[in-house]
Amino acid sequence: MLVPKRQPSISIEQGLDKRLKAMQARFTGGLSPIALASAYSDWALHLTASPGKQLELLEKAVKKTMRFANYASGCARDAKSGATCITPLPQDNRFQGEHWQNWPFNVMSQAFLLNQQWWHNATTDVEGVTRQHEDVVTFTARQILDVFSPSNFPLTNPEVLAKTMAQGGMNLMRGWQNFIEDTTRANAGQKPVGAEAFAVGRNLATTPGKVVFRNRLIELIQYAPTTETVRPEPILIVPAWIMKYYILDLSQQNSLVRYLTAQGFTVFMISWKNPDAEDRDLGMDDYLSYGIRDAVSVIDTITKGQKIHAMGYCLGGTLLSIAAATMARDGDARLKTLTLLAAQVDFTEAGELTLFINDSQLAYLEDMMWDKGYLDSTQMAGAFQLLRSNDLIWSRVIHDYLMGERSEMTDLMAWNTDATRMPYRMHSEYLRSLFLKNDLAEGRYLVGDRPVAISDIRVPVFMVGTERDHVAPWHSVYKFNLLSDTDVTFVLTSGGHNAGIVSEPDHPHRHFRLHSKSKDAPYKDPDSWLAETAPIDGSWWPALAAWLEKISGKPVKPPQMGATGHAPLCDAPGTYVMQQ
């Protein structure tokens with residue numbers, strides 16, 4: 001039976017501090033005002049003490065003003081005369097439309113981009129500012145400036161104006177109705193418009209299978225075979241616990257589980273419980289022991305001792321890496337291979353998520369979680385949206401509220417609305433030990449009072465990074481090559497953290513790069529690897545299946561569903577995935 005460790009009791013005075021910060025967090029979106037003030041003070045004080053940097057910024061301001069004045073005067077004579085002052089960044093698509101090339105909107109967009117560039121110059125390369133404080137100030141400045149982008153207002157967005165003229169303002173009327181509907185649903189805790197067209201067990205997570213094991217933390221699903229024979233080694237998939245597992249079993253056409261069973265593999269899936277206040281004391285050790293260890297033991301019984309192809313996605317991949325290193329340390333040889341999908345083991349370059357990771361911010365976040373016993377799903381969703389505010393916030397404001405349109409809901413979008421909570425203890429341990437201290441990469445992470453090391457893993461590894469990943473940047477994922485002492489096949493696929501993984505063979509406009517490195521080969525830095533590895537059109541899924549088949553044994557009869565002591569409890573997708 002799972003008996004989580006209890007957190008030590010706190011004094012009345014400590015409780016007062018925690019409750020006060022928890023109340024503040026409701027108004028700050030979980031961001032620590034002290035952490036933000038520290039970053040701003042560090043930047044402002046060092047900038048004040050840097051007259052050379054101030055002169056440089058003044059010089060840049062004068063040059064930009066003159067360049068803009070020349071451009072604006074040219075546009076006054078001819079709306080489309082001359083080259084633009086500044087080109088948007090490749091990922092900035094706000095001003096690409098034809099209407100933005102006409103006066104006065106071309107002048108507005110160029111003024112905004114020049115101002116944005118100047119502020120980037122002002123918040124970077126100030127001598128003496130810590131790297132994280134610089135990143136925080138730069139990020140915050142960008143978020144504030146994006147609010148005032150001319151694309152966000154109907155009178156300064158030519159595309160919105162054109163539509164308003166053509167439709168007599170009905171687009172704004174529809175947009176207002178969309179806004180009211182979205183606000184009402186959000187306040188009522190309901191899912192976004194269109195999500196009701198997708199339901200788990202009806203058109204999501206429909207691959208046939210049985211729940212063959214359940215404890216307080218997981219349900220283990222065994223999927224039914226679809227081929228007469230299967231490879232003897234089963235696959236265990238460990239998904240992230242921050243979202244529901246069925247991103248890897250979406251619709252029939254883009255289910256990785258269904259694809260792998262069709263290739264002749266027996267597939268097992270962990271489905272994590274959606275924790276509540278009663279689970280506040282569940283920690284990383286509990287997720288390791290009652291998640292992966294129990295699942296491995298059950299699969300070992302069902303398949304009669306066959307070695308396992310272990311596969312982990314995102315946070316599940318990080319946890320699986322810890323489990324694999326622990327098993328290697330302890331002489332447990334039940335793993336055949338390790339597959340890590342957009343998963344990190346070194347967090348020194350973990351992208352813009354590290355903006356929210358420092359002692360001040362974590363203390364604030366811990367107090368907020370302490371009050372409830374868990375981190376609410378909306379808090380984490382808000383943080384991820386901020387990382388891609390142009391794509392996830394402002395583009396939606398323009399499309400849904402100014403244009404008055406609705407994007408068609410997809411299975412991936414519906415899954416993205418089905419977030420889960422995270423227990424107070426586990427999330428605190430995860431952020432402090434891995435993100436803040438980087439204990440796993442530096443050999444300080446303890447399992448059973450003894451450290452584990454990634455270099456102890458000896459089984460072959462298949463790793464996947466995605467080109468546009470804001471959660472686990474591929475350069476960070478690639479660092480596994482520095483820490484490991486085994487054969488590694490690294491794949492870099494097109495797409496982002498989710499869409500790059502859900503990359504079925506018939507998906508259009510997909511490509512990937514693949515290269516295998518033996519454990520004795522010299523290290524190659526990620527940029528050199530990228531330059532020397534040619535892209536391959538199509539999905540990376542067949543490459544994974546071929547890699548697994550090459551390492552697997554000859555096909556055998558499929559194992560029975562469940563086993564003695566692990567009789568099927570219910571049909572897939574089970575009960576935990578239904579928890580809200």
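- The shortest heavy-atom contact between V211 and D571 is CG2-O, 4.2 Å.
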Should N438 and L434 be marked as a side-chain contact (heavy atoms from CB on, under 4.5 Å) after you check the CA-CA gap, both sets of side-chain angles, and the distance that decides it? CA-CA 4 Å; N438 204 31; L434 299 180; over 6 Å; no
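- In this structure, Q344 and S476 approach most closely via the heavy-atom pair OE1-OG, 2.7 Å.
- Under the 3.5 Å distance criterion, the side-chain polar atoms of T227 are left unmatched by any main-chain donor or acceptor of V230.
- Side chains of N203 and D411: no donor on one and acceptor on the other come within 3.5 Å.
- Between the D330 side chain and the M327 main chain, no donor and acceptor come within less than 3.5 Å of each other.
- Side-chain N/O atoms of Q361 and S32 include no donor and acceptor closer than 3.5 Å.
- Remark: the backbone N or O of I501 is paired with a side-chain donor or acceptor of W541 at under 3.5 angstrom.
- Under a 3.5 Å cut-off, the side chain of S289 and the backbone N or O of D285 do form a donor-acceptor pair.
- Using bins of under 30°, 30° to 60° and over 60° for the plane-to-plane angle, the ring pair F213/H566 lands in the perpendicular bin.
- In this structure, R202 places its CZ atom where more than 12 heavy-atom neighbours from other residues, nucleotides or ligands lie under 6.0 Å away.
- L341 contributes atom CG, which lies 6.0 Å from atom CE of M311 (distance to the nearest 0.5 angstrom).
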Could you walk me through whether D439 and K437 pass the salt bridge (charged side-chain N to carboxylate O under 4.0 Å, His left out) test, one step at a time? CA-CA 5 Å; D439 284 345; K437 299 179 181 177; 5.2 Å; no
Worked check of side-chain contact (heavy atoms from CB on, under 4.5 Å) between F512 and V464: CA-CA 10 Å; F512 66 97; V464 180; over 6 Å; no
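- In the displayed structure, E532 atom CD is contacted under 6.0 Å by more than 12 heavy atoms of other residues, nucleotides or ligands.
- The nearest pair of heavy atoms linking P542 to S539 is CD-O, 3.3 Å.
- S433 places a side-chain N or O within donor-acceptor distance of the main-chain N or O of E429, the cut-off being under 3.5 Å.
- Contact check for R334 versus D300: side-chain heavy atoms found under the 4.5 Å cut-off.
- Using a 4.5 Å heavy-atom cutoff, the side chains of L431 and M422 are not in contact.
- Between W415 and V502 there is no side-chain heavy-atom pair separated by less than 4.5 Å.
- Once rounded to the nearest 0.5 Å, the distance linking OG1 of T486 with CD1 of I457 reads 8.5 Å.
- Remark: the R258 side chain and the T226 side chain contain no N/O donor-acceptor pair separated by less than 3.5 Å.
- Checked by atom type and distance alone, the side chain of S360 never pairs as donor or acceptor with a backbone atom of I34 at under 3.5 Å.
- A salt bridge between D286 and R425 is absent, with no side-chain N of the basic residue lying under 4.0 Å from a carboxylate O of the acidic one.
- Looking only at distances, no side-chain donor or acceptor of Q306 sits under 3.5 Å from a matching main-chain atom of P234.
- Side-chain contact between L492 and W529 is present, with at least one heavy-atom pair separated by less than 4.5 Å.
- For Y287, the ring pair (Phe, Tyr, Trp, His ring centres under 6.0 Å) criterion is met by W241, W272, not counting sequence neighbours.
- Residues Y424 and Y374 place their aromatic rings such that the two centres sit no closer than 6.0 Å.
- Side-chain atoms of K336 do not come within 3.5 Å of backbone N or O of H309 as any donor-acceptor pair.
- With respect to the salt-bridge test (charged N to carboxylate O, under 4.0 angstrom), the residues K517 and D487 do not qualify.
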After noting the C-alpha distance and the side-chain angles of D279 and R216, does the key distance pass the salt bridge (charged side-chain N to carboxylate O under 4.0 Å, His left out) rule? CA-CA 9 Å; D279 303 309; R216 182 182 165 184; 2.7 Å; yes
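- Taking every heavy atom of both residues into account, D276 and R421 meet most closely at CA-NE, 4.1 Å.
- Contact of the I235 side chain with the T266 side chain is not registered, since no non-hydrogen atoms from C-beta on lie closer than 4.5 Å.
- Considering all non-hydrogen atoms of both residues, C570 and R214 come closest at SG-NH2, 3.7 Å.
- Using modelled atom types, one finds a donor on one side chain and an acceptor on the other under 3.5 Å when comparing E467 with H511.
- Although no hydrogens or angles enter the test, the distance criterion places no donor-acceptor pair under 3.5 Å between the side chain of S503 and the main chain of A499.
- Summarising the geometry, atom NE2 belonging to H475 is positioned 12.0 Å from atom OG1 belonging to T348; distances are rounded to the nearest 0.5 Å.
- The shortest distance between side-chain heavy atoms of I218 and K273 does not fall below 4.5 Å.
- Partner of I270 under the side chain to side chain contact (heavy atoms under 4.5 Å, CB included) criterion, chosen from L217, L220, L320: L220.
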E219 vs T575, test: side-chain hydrogen bond (donor to acceptor under 3.5 Å, both in side chains). Steps then yes/no. CA-CA 8 Å; E219 288 184 333; T575 60; 2.4 Å; yes
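- In summary, D485 and R458 engage in a salt bridge, as defined by a charged side-chain N under 4.0 Å from a carboxylate O.
- A 4.5 Å side-chain heavy-atom check between Y430 and L319 finds every atom pair outside the cut-off.
- With T420 contributing its side chain and I242 its backbone, the two residues share a donor-acceptor pair below 3.5 Å.
- The aromatic ring centres of Y313 and H497 sit less than 6.0 Å apart.
- Between W474 and F490, the ring planes are tilted. Angles from 30° to 60° get that label.
- With salt bridges taken as basic N to acidic carboxylate O contacts below 4.0 Å, one links R444 and E442.
- Atoms OG and CE, from S484 and M463 in turn, are 8.5 Å apart once rounded to the nearest 0.5 Å.
- A heavy-atom distance below 4.5 Å is found between the side chains of S321 and I454.
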